[in-house]
Structures are given as C-alpha cells and as structure tokens.
Chemist: 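Here it is, the structure, as structure tokens.
Every number for a ligand or one of its atoms is a count from 1 in the order of the listing.
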Amino acid sequence: MAEVKLINVWKKFGEVTAVQDMSLHVKDGEFMILLGPSGCGKTTTLRMIAGLEEPTKGQIYVGDKLVADPEKGVFVPPKDRDIAMVFQSYALYPHMTVYDNIAFPLKLRKVPKQEIDRRVREVAEMLGLTELLKRKPRELSGGQRQRVALGRAIVRQPQVFLMDEPLSNLDAKLRVRMRAELKKLQKQLGVTTIYVTHDQVEAMTMGDRIAVINAGILQQVGTPDEVYNKPANVFVGGFIGSPAMNFLDASVVEDERGVWVDFGEFKLKLLEDQAEVLRELGYIGKEVIFGIRPEDLYDAMFAQVKIPGENMIRAMVDIVENLGSERIVHLRVGNLTFVGAFHAESMVKEGQEIDVVFDMKKVHIFDKKTEKAIF
Ligand SMILES: Nc1ncnc2c1ncn2[C@@H]1O[C@H](COP(=O)(O)OP(=O)(O)OP(=O)(O)O)[C@@H](O)[C@H]1O
Ligand SMILES: [Mg+2]
C-alpha cells in the first residue's frame, strides 16, 4: 500500500492540454474518485500514474518513490510501479478458464505454482467466483466477468489500484450491486485506489474523497459531503447533484430591512451571517450568481419557515415530473425558470400558481466573474 502524489503535473498532446497543473495527494488506503465530464483528462491522469503516459511536466510519486519527473529524466516503466489497472473494456482471455485468467499475471511473474493456486483460490473466494473457476468467460454474466477482471488485478497484491470506469459496461441494477461490492472489497484490502468515473452517483456513493476535474483542471478535492454541500465553484455545484443546482443571475442589494438577492422579478432576503459576509467582501450593489439545489425549494404546504416576500414567492408550475419518491417541478416567475424537487405528497398541478419557499440556509452565492463560491 502506498500514497500517490501528483505535483504540478501537465500533459500536452501537441496543441491539446489534457491535464493542466494538477496537484493531488491520494492518501494511503484511500478510495479517491476522479470525476468529470468526457474529455476532461481523467484517463490521461490515470495513465500517467500507471506509467503508460509520460507527463510533459511535474512529478509523480508512488509511495516515497519518484516515478516520473521529465525535468530530472526520471521515468519508471509500468511493470516496476507495482500498480494494477482495471479498464472499462476489461479483456479477458476467451480461451482460458476463470482460474487461468486470474492466475495469468502471477504466471507472467514466475510465481511458484503452489503460491499461485493459493492466491487464485483466495481471491476467487473473496469475489464469489469459487464455483466458476473452471468456466470460460463466455459462460459468465457481465457482472461475473467484471469480477474476474477485478480478481486478475487483486491477485497481484499491488500497492495501488487504478480503475477506469470499470462498471460502465454493466446494466443499471448490476452496477448498483457491484458499486457496493467494490467499495466493500477496497476497504477489506485497504489498497489505495484511484477510480475514474463521469457518473456522479458512483462518485458520491463510493469515494472517500472526490477530485472534480473540468477541462484538464482540478476544480475541488473533498469528501462527498464537502463537494455536495460546499461546492468550490459554479462548475462543481452544477456537475454534482441531480436534478442539477439552479443558477440565477442576481444582484446583491441592501435596504433598512437587510441584504437581499434581487432577481428583477422577485427578491429573497439573505440570513444575517450571509449578509455580513457579502458586506465585508464588498458585494453590496454587485452582480453575483445565485445557486440553490432543487431539494432546497419547497411547496409552501410542506415548509416550516415561510415569510412572504422574504423566503416565499409566487411561481407558476410549468411541468410536474412524478418520480414516485418525489416530484420534480419546473417553476417560472416571469422569464426566470428553476426546478424544485418537492415532497411526493405535494399536490401541485401544471398551470397552477403556487407558493414556493426557499431554504435560505442552503443558498450558494458565487462571484459573477470568477464563478468561485463566496459561500
Ligand atoms: N493520445 C492522445 N493524443 C491526442 N490527444 C489525446 C490523446 N489522449 C487523450 N487526448 C485528448 O486529451 C483530452 C483528455 O482525454 P482523456 O481521455 O484523458 O479524457 P477522459 O476524461 O478520460 O474522457 P472520457 O470520460 O470520455 O473517457 C481529450 O481532449 C482527448 O481528446
Ligand atoms: Mg476516459
């Protein structure tokens, strides 16, 4: 087991900058998720850690060992990094049994036969594959095949696991199950794991911490709670959470009653501690981006604190999507639109005008220019 450190790492492919000045410290035994949209540089980052790609600039450490630093001419090849990688398109050898597939990396390393047998059986037991050791890959389900691919990585007992969207080929139900199994297995083995996904639910449910990446740039690193509740900027706020956070342009104004976010069509009164922060940082009279998650909007019927004109407004219901467990309600005030995730028992109807309550404790305010969170 080992920590993994990236220090100011860059990767350029000709004109394309795939990874830009990335610094990331993955702790020993940690389950770290790299999360971001397609093309943001997740796979490239993983491949640099594995040694399949050389950084253009910066240093990479696995444990105490410097494995890549182009300025010093250091580049440790993949086979000497003690890292196992599981890809999205895990290619099992079709003509080999499950047993031989799992044993393969050990045979390559000329591990004694008895030792191979012991380790393959141990891994098979752990992954629930014992009954399947004699089968060929084509006689397995998708989830079973995925477990064989994991077994092949685990059997080597590497210091670090790198996984690139390993569950994306599975159907939705199996993915949910494998998510839980994989997390449990990682805790059991205690091996430092870096796991790439563009699925924010996977990231939230599996990771000890999440590194959110956009356009090759690390946006925020934090626990699932931190990135969800305290997004560092508009991108993170919008990328994590479904339905997505609502963003509205607003200006901050102050009168004798307090500090408000003014949307033109309506305004909301900020709480005193929020007001204080904006005053202190000189945001009174300035434009900002206001953010609130759909679940922090309420049908007034189900709200505790409601003060008309302060945290409660009239809005038109455009569309109601009934998900059973909740209702996704598309709301409109003049030309402003936003989405609420209402209580399943909310009876609001399309075309109706209703009272909507904002949970002001849950409001996010971002700088208009930098898009960084003020709170
Ligand atoms: N070998 C290469 N040559 C040129 N450009 C590359 C190469 N590999 C990756 N890129 C570019 O680098 C950027 C990052 O690619 P990368 O594969 O790391 O993205 P990703 O986050 O893994 O995306 P996805 O979620 O689609 O797998 C993209 O713009 C991609 O086109
Ligand atoms: Mg990728």
Side-chain angles (χ1 to χ4, degrees), residues 4-26 31-60 62 67-68 70 75 77-78 81 83-91 142 145-146 149-150 152-153 160-172 175 178-179 182 186 192-207 209-222 224 227 231-242 244:
V4 175
K5 251 190 293 194
L6 280 72
I7 302 169
N8 304 113
V9 168
W10 291 71
K11 181 66 192 182
K12 293 187 182 179
F13 295 105
E15 293 291 285
V16 180
T17 303
V19 174
Q20 194 171 324
D21 203 21
M22 171 115 43
S23 293
L24 181 66
H25 183 173
V26 184
F31 199 139
M32 174 68 84
I33 308 269
L34 306 185
L35 174 69
S38 185
C40 75
K42 303 180 295 294
T43 297
T44 305
T45 304
L46 220 54
R47 288 173 58 83
M48 286 193 287
I49 298 169
L52 299 171
E53 209 75 74
E54 195 172 357
T56 312
K57 221 162 84 183
Q59 293 103 43
I60 301 174
V62 176
V67 294
F75 184 75
R81 290 195 187 191
I83 284 175
M85 197 155 169
V86 183
F87 296 95
Q88 172 184 347
S89 48
Y90 46 94
R145 266 181 244 160
Q146 184 61 42
L150 279 174
R152 202 169 51 181
V160 178
F161 285 136
L162 304 178
M163 303 192 183
D164 195 351
E165 313 226 13
L167 306 185
S168 57
N169 282 343
L170 305 179
D171 68 55
R175 211 156 53 216
M178 283 300 292
R179 220 154 68 192
L182 201 53
Q186 195 270 343
T192 311
T193 300
I194 306 176
Y195 184 104
V196 162
T197 182
H198 59 259
D199 179 338
Q200 44 123 351
V201 178
E202 225 169 84
M204 290 293 290
T205 53
M206 295 176 82
R209 288 194 299 159
I210 303 173
V212 186
I213 305 170
N214 186 32
I217 301 171
L218 185 60
Q219 306 286 315
Q220 183 173 6
V221 187
V227 293
N233 56 36
V234 168
F235 177 82
V236 176
F239 193 73
I240 295 183
S242 173

Chemist: Between the side chain of Lys11 and the main-chain N/O of Thr17, is any donor-acceptor distance below 3.5 Å?
Modeler: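 No, Lys11 side chain to Thr17 backbone: no donor-acceptor pair under 3.5 Å.
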Chemist: Keeping to distances under 2.8 Å, can you name the protein N/O/S atoms close to the Mg ion (ligand 2)?
Modeler: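 Near the Mg ion (ligand 2), below 2.8 Å, one finds Thr43 OG1.
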Chemist: Within 45 degrees of the axis of the six-membered ring of Phe75 and under 6.0 Å from its centre: does Arg81 put its NZ or CZ there?
Modeler: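 The answer is yes; both the distance and angle limits are met.
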Chemist: Looking only at protein heavy atoms, identify the closest one to atom 15 (O) of ligand 1 and say how far it is in Å.
Modeler: Thr44 OG1, 3.7 Å
Chemist: Considering non-hydrogen atoms of the protein only, which is the closest contact for atom 26 (O) of ligand 1, and what is the distance?
Modeler: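 Ranking protein heavy atoms by distance from atom 26 (O) of ligand 1, first comes Ser38 OG, 2.5 Å.
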Chemist: Within the distance-only criterion (no hydrogens, no angle test), does the side chain of Lys42 pair as donor or acceptor with the backbone N or O of Gly36 below 3.5 angstrom?
Modeler: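 A pair under 3.5 Å: yes.
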Chemist: Please check: side-chain N/O of Thr56 versus main-chain N/O of Lys12, any donor-acceptor pairing under 3.5 Å?
Modeler: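 A pair under 3.5 Å: yes.
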Chemist: May I have the step-by-step check of side chain to side chain contact (heavy atoms under 4.5 Å, CB included) for Thr193 and Leu182, ending in yes or no?
Modeler: CA-CA 11 Å; Thr193 300; Leu182 201 53; over 6 Å; no
Chemist: Looking at Glu54 and Ala68, would you say the former's side chain and the latter's main chain have a donor-acceptor pair under 3.5 Å?
Modeler: no
Chemist: Does Ala18 reach ligand 1 with a nitrogen or oxygen that is under 3.5 Å from one of the ligand's nitrogen or oxygen atoms?
Modeler: no
Chemist: Do side-chain atoms of Gln200 reach the backbone of Gly241 as a donor and acceptor pair under 3.5 angstrom?
Modeler: yes
Chemist: Do side-chain atoms of Ser23 reach the backbone of Asn8 as a donor and acceptor pair under 3.5 angstrom?
Modeler: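 Indeed, once roles are kept as given, a pair shorter than 3.5 Å links the two residues.
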Chemist: Checking side-chain polar atoms at under 3.5 Å, does Glu202 have a donor or acceptor matched by the opposite partner on Tyr195?
Modeler: yes
Chemist: Provide, to 0.1 Å, the distance between atom 6 (C) of ligand 1 and the closest protein heavy atom, together with that atom's residue and name.
Modeler: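 Among all protein heavy atoms, the one nearest atom 6 (C) of ligand 1 is Phe13 CD1, 3.3 Å.
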Chemist: Report the nearest protein non-hydrogen atom to atom 25 (O) of ligand 1: residue, atom name, distance rounded to 0.1 Å.
Modeler: Lys42 NZ, 2.8 Å
Chemist: Which residue and non-hydrogen atom of the protein lie closest to atom 30 (C) of ligand 1, and at what distance in Å?
Modeler: Val16 CG1, 5.0 Å
Chemist: Could you check Met85 against Ile49 for side chain to side chain contact (heavy atoms under 4.5 Å, CB included), going step by step and ending with a plain yes or no?
Modeler: CA-CA 10 Å; Met85 197 155 169; Ile49 298 169; over 6 Å; no
Chemist: Check the pair Val227, Gln219 against side chain to side chain contact (heavy atoms under 4.5 Å, CB included), reporting the backbone distance first and the verdict last.
Modeler: CA-CA 10 Å; Val227 293; Gln219 306 286 315; over 6 Å; no
Chemist: For the 3.5 Å polar cut-off, considering only N or O atoms, please tell me whether Gly41 and ligand 1 meet it.
Modeler: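 Yes: some nitrogen or oxygen of Gly41 is under 3.5 Å from one in ligand 1.
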Chemist: Under 3.5 Å between some N or O of ligand 1 and some N or O of Cys40?
Modeler: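 N/O-N/O distance under 3.5 Å: yes.
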Chemist: Which ligand 1 atoms are under 4.0 Å away from a heavy-atom of Thr43?
Modeler: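 With Thr43 as reference, the close atoms of ligand 1 come out as 17 (O), 18 (O), 20 (P), 22 (O), 27 (O).
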Chemist: Does ligand 1 have an atom under 4.0 Å from some heavy atom of Gly36?
Modeler: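 No, Gly36 has no heavy atoms under 4.0 Å from ligand 1.
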Chemist: Which of these, Gly39, Pro37, Gly14, has its nearest heavy atom closest to atom 20 (P) of ligand 1?
Modeler: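 Considering heavy atoms of Gly39, Pro37, Gly14, the nearest to atom 20 (P) of ligand 1 sits in Gly39.
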Chemist: My question is simple, although I want it checked carefully: is atom 13 (C) of ligand 1 less than 4.0 angstrom from any protein heavy atom?
Modeler: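 Under 4.0 Å from atom 13 (C) of ligand 1, at least one protein heavy atom found.
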Chemist: Heavy-atom distance under 4.5 Å between the side chains of Pro78 and Ile83, does that happen here?
Modeler: no
